[in-house]
J.: 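One structure coming up, written as structure tokens, with questions to follow.
Predicted model only: the values in this text are computed from it and were never measured.
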Amino acid sequence: MAGSSHGHTPAAWTGVTISVIGFCIAGVFMVAANPLGFWAGMGVTLLGGVVGAAMKAAGLGLKESPVPARAQAAAQPVPAEATAS
């Protein structure tokens with residue numbers, strides 16, 4: 001994935017950051033044996049996904065190309081001098 005821009009968008013960073021915070025909240029309240037706090041943390045975790053999807057819909061996510069990168073690379077012709085031995 002190093003060659004792609006997978007996840008390098010404001011929508012991805014924001015959604016994941018909110019989800020991680022929610023996961024940490026849920027973990028703390030799970031250890032503290034507080035079910036209400038745990039479910040609140042899980043709600044924050046789900047909110048991260050909703051925020052990420054909303055930001056992507058607003059244009060802050062990865063722009064999808066009509067043709068996948070592998071198909072574009074396979075469709076490009078090979079120069080004649082590269083095939084000659």
Side-chain angles (χ1 to χ4, degrees):
M1 290 265 130
S4 71
S5 61
H6 176 75
H8 298 287
T9 64
W13 280 102
T14 304
V16 169
T17 301
I18 293 171
S19 294
V20 167
I21 290 169
F23 183 78
C24 291
I25 291 169
V28 167
F29 281 109
M30 183 170 51
V31 171
N34 184 335
L36 185 61
F38 168 77
W39 287 111
M42 293 305 294
V44 173
T45 302
L46 293 175
L47 180 67
V50 171
V51 169
M55 289 179 70
K56 182 178 179 184
L60 296 171
L62 184 64
K63 308 292 187 255
E64 301 200 19
S65 64
V67 180
R70 287 187 184 183
Q72 287 177 349
Q76 293 179 354
V78 177
E81 53 272 357
T83 58
S85 305

J.: Kindly state each residue pair satisfying side chain to side chain donor-acceptor pair (under 3.5 Å) with at least one member in residues 28-42, sequence neighbours excluded.
T.: none
J.: Side chains of residues 15-33: which donor-acceptor pairs under 3.5 Å do they make with residues two or more places apart or in other chains?
T.:
unit_1 : atom_1 : unit_2 : atom_2 : d
T17    : OG1    : W13    : O      : 2.7
S19    : OG     : G15    : O      : 3.0
S19    : OG     : T45    : O      : 3.1

J.: Specify the closest pair of heavy atoms between T9 and L60, including all atoms of both residues, with the distance to one decimal.
T.: CB-O, 3.5 Å
J.: Please collect all side chain to side chain donor-acceptor pair (under 3.5 Å) contacts where either partner lies in residues 47-59, sequence neighbours excluded, each pair once.
T.: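 Matches after skipping sequence neighbours: K56-E64.
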